[in-house]
Number of protein chains: 2
Amino acid sequence: MASSEKSDNLRGARKARLSRDLVLSTALALVDAEGLDALSMRRLGQELDRDPMSLYRYAANRAALLDGVTEMVLNELAIFPDDPDWQAQLRRIAHDLRLLALRHPNVVPLLVTRPLSTPLGMRPLGTLRPLEQILALLIEAGFTPADALHVYRAYYGFLYGHLLNELQEYIVDPEENEAILRLGLHRLPAKDFPHLRALGPVLADYDGAAELDQGLTILLTGLATQLSPTHHHSDGDAPLEQTGGPR
Amino acid sequence: MASSEKSDNLRGARKARLSRDLVLSTALALVDAEGLDALSMRRLGQELDRDPMSLYRYAANRAALLDGVTEMVLNELAIFPDDPDWQAQLRRIAHDLRLLALRHPNVVPLLVTRPLSTPLGMRPLGTLRPLEQILALLIEAGFTPADALHVYRAYYGFLYGHLLNELQEYIVDPEENEAILRLGLHRLPAKDFPHLRALGPVLADYDGAAELDQGLTILLTGLATQLSPTHHHSDGDAPLEQTGGPR
DNA sequence: ACCTAAAGTCTACAGTGTAGAGAAGTTGTC
DNA sequence: GACAACTTCTCTACACTGTAGACTTTAGGT
């Protein structure tokens, strides 16, 4: 198909210099368009009209390249640690991340999988930024650091779980969705999967945003009964005052 | 360890016939021992003392092999759909699955990732069994099928999220854990990650079971306020009253 | 113009999944 | 036994992968 090689750049148009950002964003575009498997060094090189080996200047190896892609995606997520209404902020972040995941569904496996093979401290910094900022948000709201961590865990755990759930039922394009879904369900032996088969219509229309929001309500109210901001930084911690401080 | 090649089978001991179960369980053993990347057709063939191509009799391709492995792991999970105490049952299943995940940490990426690339109806049946059985459990307990699905989603979403969370902080062996962890954290720039760095000690001891159980309490009590069994079903336990469902 | 360091390229190697054709082994029927 | 039908396993080959190492080209500074 695309064996144009140098014909594109013949007349004067010099090859643009590569940069980590350029490499990562074309990698992301490729993953978005054709899936994770399409992202090979050779293919990406071809996409950039460069020798595959040149990529190693910008990512130590393929794994690092993948990390870079997830970092790039997570950078699209905005967090405002100074918002005093932490619950609203958590809600907003959750919905933002959900939209992000729907926009880059092929990246989600990386998002949930890469951290499993990398000790926390060794992860790309861009990946840890949300964690740090949410901790900041919660501590700022009056939680003790340890409690903030607990809240974060419950929150992010639930959030990731929801994303996995929703994406599992959404991969195919909405047009064929119902057909393929039902076709799939039809394959199931009626003896062994009566309930699942009966739920076909219900499965067909999944309102992810609503489900997420409802889950968040459960979680937040549940959390409120177990932990809440103490609102006066207790027993001897440093005066953590950031009103109008440097960002 | 087991690079015996043919020495085992030298004197008379004829090669045992392969079977899907044998193939899948040695595949699982290999993944448990050396990780997902070690599971190549050639390597697995060598482990079984067979030509790699023979494996294709028992799994259509590598992806199907991976599916088989996850199926095999999920088969270790027992569910009793007749238990009238559905909350206790959900609790028990969650803890069982947690232990399963800790016993096969390298399989967890498959567990959460494979469903993302396979429409629900096309998934291996063994993978859908827990879903069907939990639906049965909930319906048996008096939920309407649609509500059962909602409960299942919230529950499984939370559960998977927790597993991802816990495994992220647990990969390395507990002995080195603290050291490596702290070493990792030390790498983080103090300017950008103050909270995260300060939480080093807290991160070091993570009680997964407790955290999971606490989360389940939050979830179940939260669920009770939004949905409950309508119980026009058989007799037995004392139900919570029905609040006319939202939506 | 020269030097230096960075950026990009070429070649090569060991590994991958798997299609296709064939060989070896197993089983059933006479 | 002999034959056939069928399953299971093996061999060869191909296109593709990540990446080490040595090399060539380019860009900037003085």
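This one's a predicted model, so the numbers in the text were calculated from it and none came from an experiment. We name chains A, B, ... by the order of the sequence lines, and we start the count at 1 in each one.
OP1 or OP2 of dT17(D) sits under 4.0 Å from a side-chain N or O of S40(A). Between R57(B) and the phosphate of dT8(D), there is no side-chain N or O to OP1/OP2 separation shorter than 4.0 Å.
Side-chain atoms of T118(A) do not come within 3.5 Å of backbone N or O of P115(A) as any donor-acceptor pair.
Remark: C1' of dT17(D) and OH of Y56(A) are 9 Å apart, rounded to the nearest angstrom. One interatomic measurement links the two molecules: CG of L65(A) to P of dT19(D), which rounds to 10 Å at whole-angstrom precision. In this structure, D49(B) places its CG atom 18 Å from P of dT8(D), rounding to the nearest Å. Atom CZ in R43(B) sits roughly 17 Å away from atom C1' in dG17(C) (whole-Å rounding). Between the P atom of dA21(C) and the CG atom of D51(B) lies a distance of 17 Å, rounded to the nearest Å. A straight line from CG of L18(A) to C1' of dT25(D) spans 14 Å, rounded to a whole angstrom. Distance Q46(A) CD to dG8(C) P: 17 Å, rounded to the nearest Å. The CG-P distance, from L55(B) to dC9(D), rounds to 9 Å in whole Å.
Note: Y152(A) and Y156(A) have parallel aromatic rings, judged against thresholds of 30 and 60 degrees for the angle between ring planes.
Checking dG18(D), dT8(D), dG8(C) against every side-chain atom of Y58(B), the shortest atom distance belongs to dT8(D). Of all nucleotides listed (dT18(C), dC9(D), dG8(C)), dG8(C) comes nearest to the side chain of S54(A). Side-chain proximity of M53(B) to dC9(D), dT10(D), dC10(C): nearest is dT10(D). The side chain of R50(A) approaches dT9(C) more closely than any other nucleotide in the set dC9(D), dG18(D), dT9(C).
Checking R62(B) against R17(A), the closest nucleotide of DNA chain C that is more toward the 5' end is the one next to R17(A).
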Verdict with supporting geometry, Q46(A) and R42(A), side chain to side chain donor-acceptor pair (under 3.5 Å): CA-CA 6 Å; Q46(A) 162 180 334; R42(A) 286 170 160 89; over 6 Å; no

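Using a 4.0 Å cut-off between a side-chain N of Lys or Arg and a carboxylate O of Asp or Glu, R98(B) and E211(B) do not qualify as a salt bridge.
Within the 4.0 angstrom heavy-atom criterion, base atoms lie near R42(B).
Under the 4.5 Å side-chain criterion, counting only non-hydrogen atoms from C-beta, L39(B) is in contact with L44(B).
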